[in-house]
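Comments concern the structure below.
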There are 4 protein chains.
Amino acid sequence: MVKLKDDKKITQIFQAALKLVAKKGLSGMTMGDISKEAGIATGTLYVYFTSKDELINALFAACRESSVQVSFKGYQPHTPFKPGFRHIWLNILRYKLQNFEESVFMEQCYHSPFITADTREKAQQLSAPFYQLIERGKKEQLIKNIDTGLLITFMIGTMNELVKQTHYSGITLNRSRVNTTFDLCWDALKA
Amino acid sequence: MVKLKDDKKITQIFQAALKLVAKKGLSGMTMGDISKEAGIATGTLYVYFTSKDELINALFAACRESSVQVSFKGYQPHTPFKPGFRHIWLNILRYKLQNFEESVFMEQCYHSPFITADTREKAQQLSAPFYQLIERGKKEQLIKNIDTGLLITFMIGTMNELVKQTHYSGITLNRSRVNTTFDLCWDALKA
Amino acid sequence: MVKLKDDKKITQIFQAALKLVAKKGLSGMTMGDISKEAGIATGTLYVYFTSKDELINALFAACRESSVQVSFKGYQPHTPFKPGFRHIWLNILRYKLQNFEESVFMEQCYHSPFITADTREKAQQLSAPFYQLIERGKKEQLIKNIDTGLLITFMIGTMNELVKQTHYSGITLNRSRVNTTFDLCWDALKA
Amino acid sequence: MVKLKDDKKITQIFQAALKLVAKKGLSGMTMGDISKEAGIATGTLYVYFTSKDELINALFAACRESSVQVSFKGYQPHTPFKPGFRHIWLNILRYKLQNFEESVFMEQCYHSPFITADTREKAQQLSAPFYQLIERGKKEQLIKNIDTGLLITFMIGTMNELVKQTHYSGITLNRSRVNTTFDLCWDALKA
DNA sequence: GATGAATGAGATTTCATTCAT
DNA sequence: TATGAATGAAATCTCATTCAT
């Protein structure tokens, strides 16, 4: 039996990269830093990723995927719309707060030359469930009858901002604060 | 008699930098790129800025300043709140759409190690008028009674997202679309 | 009972190396390439050769040896000189054409630091039969009375060039063409 | 006035590269070595050549060009064929002996992946005068009526071998030795 | 013996900055 | 001031070799 490529190692690498982007920005993150942070040799990075570009694209895709996956955890399609929407909204909020580094990373990537059109495309496709969700809300006349893409961008964008604000102001979100914040968002979208 | 430092040249440099960040991201922008794009020699950059860091910080400050300045242009403090708020909101929207590269740049800077605490501090101070504006709205019970910082982050954040969405979807904002979008924001903030 | 080192595997490795040198040059050939081309793992190379240097030296020696061995195949020392010489000359030509990659490899090795003095020395010793052959020709006054080393270099050198030319021009050597080419060489050497 | 790219520096770089290839082979020559040998910073190499590949291709082209140019120096087209041919032959011999490193470099490059098809093509084109020369000899029925390409390869190939042999045996070519060697070549080619 | 992931020294290349002109 | 060649530290990436399985 031989040593095989190790999924755990990929996780280590990803964690290291996220930590570094949060600390030093995308431009300040080097392959050397990543390997040191991940506790492996620089060369080993290239066993798992053929280049820095590929590493970043893979991480981008992984973040996107896990974020989407978490969003719908525990969501019951047959629940009435608003509580269902709220459930997802809370999932996202929780995820983004607990994985703040990912948000930073995604934001930094957005306009970087690292992310390829292909990666971008695939990320976009993962938004499908959100589209369906919003469409349902519109059909039930609970959500404003505006371009769905716009509503989603808005919803996600505001969450990002809320999370940033929360993170940097050092405020811990108690239940009432969360409720207030949700209302902010809901009032915007509701028909 | 020596020629003095040339303001026009600083503008050229800033324009070049903005163009490059939009195209290649902050991490992909080199001093060589900037000089080439600005049509000057690399060495000349160092006549105007002592380092890349300084250049970026200066550009950050300049963007922030001009953005704030534009925001309140034509604002009459004695107008009733909502139309006044709307006026400013439109100023910002227009500015961000017309200066999309600046938005990208500001976003990229947010988590980068380039921006010094000092620059960040000064940028923050420029937000004072927005705080006053929102405080007024809260006093008049037109705006939700939530932490002002949160409301501002929210307001600015949503605009950024709207602008991004508009820019990338290629949609041109006609009057009705702008109105819809404003309502989205207003509904969120209004008490 | 363990399997012993496998001669077939050594042949595979040598074939792979030759193919790669012909394609990418000695400087472009990596141990990784060789193992892939040979269809074995990198580590396995080190079961058979302690280092890249050793592999190359061993291959060099093997090529030299088999080339010399083939040269005198079927040679009858008692035949008159010219037909005997011709026989050997044809052996060499045929061998070099059929094993073009070896020629390329030998040429690339000539000035490379890979080949040790020892390997070079041993290769040189294998030239003894050629020296004897030429000496005989000189004694019989059929070959020019010039430094034997020079004559041999000349003879081998010209063959190499003929083979290269033939290989790259894509010309197939028919009998008459071979005769012409032999005459070229013979006219040079003959007294 | 500004510092301009320096042709002398290119010569330095070329000299350094040639010296190193002769000493360590093409595979052993690093950009770091070259810069050190040339007495400049590593980065400076990249001011003159965008990559190691380009440097090697440029050097290859330069060697080829200067070699061809030297070959016909002092050649009078109206001289009778054999002395004219001899003159050129001597030019080449002298050049190759005095620039032995170039020969080594050219040989090493021949099968390396560095040399592009384009470079190869251009090198080939420089052979035109040799073709004309040999064609003339054939027309005057002084040279064997064989494929011209073959004759040229042969002529050049033998010179290379002679030079190698001379260089490594440490023999200095006196006049009589040169004559003998020329005869070797002439006897091969002559009709 | 065979495997191929892991290593890290070293190669190529980039780029912020300096400096001679 | 303006230039752009020169610099060299540091980044990315390669690859001969080792080692755990």
Side-chain angles (χ1 to χ4, degrees), chain A residues 1-6 9 27-36 38-55, chain B residues 1-6 9 27-36 39-56, chain C residues 1-6 9 27-36 39-56, chain D residues 1-6 9 27-36 38-55:
Chain A
M1 262 299 91
V2 288
K3 238 182 299 177
L4 284 175
K5 274 195 205 175
D6 190 352
K9 202 152 281 174
S27 53
M29 177 188 68
T30 71
M31 293 299 263
D33 287 343
I34 296 174
S35 65
K36 227 167 288 165
I40 59 177
T42 319
T44 309
L45 287 179
Y46 290 86
V47 171
Y48 291 89
F49 304 98
T50 58
S51 67
K52 190 181 182 183
D53 268 50
E54 212 203 63
L55 191 160
Chain B
M1 192 76 209
V2 254
K3 235 194 292 179
L4 284 172
K5 279 192 198 178
D6 188 349
K9 205 153 277 179
S27 57
M29 177 186 67
T30 71
M31 293 297 265
D33 286 343
I34 297 173
S35 65
K36 224 167 290 164
I40 59 177
T42 327
T44 310
L45 285 178
Y46 289 85
V47 171
Y48 293 90
F49 304 97
T50 60
S51 69
K52 188 182 184 183
D53 270 49
E54 209 202 64
L55 191 160
I56 290 176
Chain C
M1 192 73 207
V2 255
K3 230 195 294 177
L4 286 172
K5 281 192 197 178
D6 188 350
K9 206 153 275 178
S27 57
M29 177 184 68
T30 72
M31 293 297 265
D33 286 343
I34 296 174
S35 64
K36 223 168 290 163
I40 60 177
T42 327
T44 310
L45 285 180
Y46 288 84
V47 172
Y48 294 89
F49 304 97
T50 60
S51 69
K52 189 184 184 183
D53 269 48
E54 209 202 63
L55 191 161
I56 291 176
Chain D
M1 263 300 92
V2 288
K3 236 182 300 177
L4 285 175
K5 274 195 204 174
D6 190 351
K9 201 153 280 173
S27 53
M29 177 188 69
T30 71
M31 293 299 264
D33 287 344
I34 297 175
S35 65
K36 227 167 287 164
I40 58 178
T42 319
T44 309
L45 286 179
Y46 289 86
V47 171
Y48 291 89
F49 304 97
T50 57
S51 67
K52 189 182 184 184
D53 267 49
E54 213 202 62
L55 190 160

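Residue contacts for B:Ser35: at a heavy-atom cut-off of 4.0 Å it reaches no nucleic acid atom on any strand shown.
Here the closest non-hydrogen pair linking A:Met31 and A:Leu55 is CE-CD1, 4.1 Å. The shortest heavy-atom contact between C:Tyr48 and C:Glu54 is O-OE1, 4.2 Å.
Expressed to the nearest 0.5 Å, how far CE of C:Met29 lies from CD1 of C:Ile56 amounts to 4.0 Å. Taken from OG1 in A:Thr30 to NZ in A:Lys52, the straight-line distance is 6.5 Å, to the nearest 0.5 Å.
Atoms CG (D:Asp53) and C1' (E:dA11) sit 14 Å apart, rounded to a whole Å. Rounded to whole angstrom, the span from the CD atom of C:Glu54 across to the P atom of F:dA16 amounts to 15 Å. Taking atom CG of residue B:Leu45 and atom P of nucleotide E:dA16, one finds them 10 Å apart after rounding to whole Å. Regarding A:Asp33, its CG atom lies at a distance of 12 Å from the C1' atom of F:dT12, rounded to whole Å. Counting to the nearest Å, the C1' atom of F:dC15 and the NZ atom of C:Lys52 are 8 Å from each other. Atom P of nucleotide E:dT3 and atom NZ of C:Lys36 are separated by 15 Å, given to the nearest angstrom.
Remark: B:Tyr46 is not in phosphate contact with F:dA2, judged by side-chain N or O atoms under 4.0 Å from OP1 or OP2. Proximity of D:Tyr48 to the phosphate of F:dA6: a side-chain N or O atom is located under 4.0 Å from OP1 or OP2. Look at C:Lys9 and you won't find any side-chain N or O under 4.0 angstrom from OP1 or OP2 of E:dG1.
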remark   = The dot-bracket string of DNA chain F, counting Watson-Crick and G-U wobble pairs with both distances under 3.5 Å, using [ ] for crossing pairs and | for pairs to another strand, is .||||||||||||||||||||

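Under the side-chain hydrogen bond (donor to acceptor under 3.5 Å, both in side chains) criterion, B:Ser51 pairs with no residue at all, not counting sequence neighbours. Residues satisfying the side-chain contact (heavy atoms from CB on, under 4.5 Å) test with A:Thr42, not counting sequence neighbours, are A:Ser35. Taking C:Tyr46 as the reference, nothing meets the ring-ring contact (aromatic ring centres under 6.0 Å, His included) condition, with sequence neighbours excluded.
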Contacts under 3.5 Å, N or O only, protein and nucleotides 8-10 of chain E:
from	atom 1	to	atom 2	distance (Å)
E:dG8	N7	A:Gly43	N	3.4

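Comparing B:Met29 and D:Met31 by the nucleotide of DNA chain E whose heavy atom lies nearest to each, the residue mapping closer to the 5' end is D:Met31.
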task = Start with the C-alpha distance between D:Lys9 and D:Val47, add both sets of side-chain angles, then the distance that settles side chain to side chain contact (heavy atoms under 4.5 Å, CB included), and finish with yes or no.
result = CA-CA 11 Å; D:Lys9 201 153 280 173; D:Val47 171; over 6 Å; no

